Protein chains: 2
Amino acid sequence: MSTTIQMSEELGPRSGWGKAIECPMASMFEILGTKTSYLIMREAFYGATRFEEFVERTGISEPVAAARLRELTAEGLLEKVPYREPGQRTRSAYELTEKGSDLLPVLVAMMRWGDRWLFTNGARVELTHADCGAQVHTELRCDAGHPVPTDELELGLNPRRLRAAR
Amino acid sequence: MSTTIQMSEELGPRSGWGKAIECPMASMFEILGTKTSYLIMREAFYGATRFEEFVERTGISEPVAAARLRELTAEGLLEKVPYREPGQRTRSAYELTEKGSDLLPVLVAMMRWGDRWLFTNGARVELTHADCGAQVHTELRCDAGHPVPTDELELGLNPRRLRAAR
DNA sequence: GTTCTGGCTATGCAAACTCTAAGCCAGCTT
DNA sequence: AAGCTGGCTTAGAGTTTGCATAGCCAGAAC
């Protein structure tokens with residue numbers, strides 16, 4: 001039973017969550033709900049900024065890439081920044097905003113899971129700590145700095161929100 | 001420029017990644033490619049084990065829930081375990097395997113991102129450390145234990161795999 | 001001013017995903 | 001043996017996501 005999360009009292013027998021209490025993960029899928037949006041974000045972290053780079057590196061078709069870039073820009077994960085190379089006309093680059101950058105832990109967690117469970121011969125690509133060369137992973141920690149194993153993880157309602165709703 | 005990842009030499013001008021080098025994140029989407037599969041996994045972490053629980057708590061229709069449970073079981077993230085309540089016939093419960101449990105950091109990272117960027121009034125639900133009550137988040141760390149800021153994150157090819165491919 | 005190129009947009013179609021509604025089956029309960 | 005219930009499956013339809021192909025537009029380069 002150490003693989004499941006503890007639930008606080010008031011959440012015990014809840015049902016119909018999708019409507020009653022908004023789940024932050026489910027909400028995220030309204031913005032990042034397709035595979036292609038993650039591929040676009042991956043390339044943004046890898047340094048892609050131009051339309052052609054996104055298309056080429058992700059293998060996504062142009063119409064879909066254009067749609068995703070538009071959506072991600074509208075949602076504030078990417079930002080259109082005009083740039084101009086010498087002898088070229090002004091073009092738009094797509095750069096990560098803070099909101100977009102903050103998605104990195106999600107992508108790293110996904111990559112590490114894929115590495116571990118999907119490639120038996122070891123990872124093709126590795127994320128390493130530039131300073132020391134060791135591999136990078138994601139870790140659950142509380143804001144007080146303790147590592148948090150699954151069985152010490154507890155889900156509860158935010159008391160401030162509960163009061164506000166009354 | 002501190003929001004993008006450093007790339008090692010041999011990855012510099014790569015294109016056509018989708019085919020050339022398998023990306024662990026992209027591979028993950030072949031198993032966990034739909035929103036509903038994440039909702040199912042979320043409920044598994046919240047302690048759901050029976051078919052009806054998954055259907056009711058996620059709000060997914062029965063045919064889709066059945067399909068996802070079958071897929072996730074086939075991929076080894078969940079495991080069918082027969083159980084029997086007194087006076088009832090034998091039924092199947094779906095329990096998290098190690099492969100499934102290891103997905104927790106991905107889900108937590110998603111939740112925290114949703115909390116932070118999608119709910120301006122603060123999170124509805126909170127993940128806390130049962131021992132100390134502080135909120136839980138995901139953190140990038142290297143295997144040597146150092147916290148890793150984005151600009152110290154480097155992407156490179158696995159040297160062992162490179163040798164093997166020769 | 002014609003051409004070329006990067007960065008898109010438009011159109012049409014196939015595949016994937018999800019829903020509702022209905023039905024099936026095993027085996028307890030009566 | 002008839003009914004009920006949990007755990008599904010089947011059928012049909014609608015929406016979303018994706019692709020390929022083709023075209024458009026602005027502004028250098030010639």
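Quick note on labels: first sequence line is chain A, next is B, and so on, each numbered from 1. Since the model is a prediction, treat every value here as computed from it, not as a measurement.
- In this entry the distance linking CD of B/Glu71 with C1' of C/dC17 reads 10 Å, nearest Å.
- If you check every strand for non-hydrogen atoms under 4.0 Å, A/Glu52 touches sugar and phosphate atoms only.
- An OP1 or OP2 oxygen of D/dG7 is reached within less than 4.0 angstrom by no side-chain nitrogen or oxygen of B/Tyr94.
- When the C1' atom of D/dC25 is taken as reference, atom CZ of A/Arg91 falls 12 Å away, rounded to whole Å.
- Checking A/Arg68 against A/Ser37 by side-chain atom types alone, no donor-acceptor pair falls below 3.5 Å.
- The distance between atom CZ of A/Arg70 and atom P of C/dT9, rounded to the nearest whole Å, is 5 Å.
- B/Ile40 places its CD1 atom 14 Å from the C1' atom of C/dC17, with the value rounded to the nearest Å.
- Between B/Thr4 and B/Thr150 the shortest side-chain heavy-atom distance does not fall below 4.5 Å.
- At whole-Å resolution of the value, CD in B/Glu53 and P in D/dG7 are 8 Å apart.
- The nearest whole Å value for the distance from the CD atom in B/Glu62 to the P atom in C/dA21 is 12 Å.
- Atom CD1 in B/Ile60 sits about 12 Å away from atom C1' in C/dC19, given to the nearest Å.
- Nucleic acid contact for A/Thr34: sugar-phosphate only, since backbone atoms but no base atoms lie under 4.0 Å from a heavy atom of the residue.
- Distances shown here put a side-chain N or O of A/Thr36 below 4.0 Å from the OP1 or OP2 atom of D/dG18.
- Proximity of B/Arg50 to the phosphate of D/dG7: a side-chain N or O atom is located under 4.0 Å from OP1 or OP2.
- With 3.5 Å as the limit, one finds a donor-acceptor pair spanning the side chains of A/Glu139 and A/His137.
- Between the NZ atom of B/Lys35 and the C1' atom of D/dT15 there is a distance of 11 Å, given to the nearest Å.
- Note: A/Tyr38 and B/Phe29 have tilted aromatic rings, judged against thresholds of 30 and 60 degrees for the angle between ring planes.
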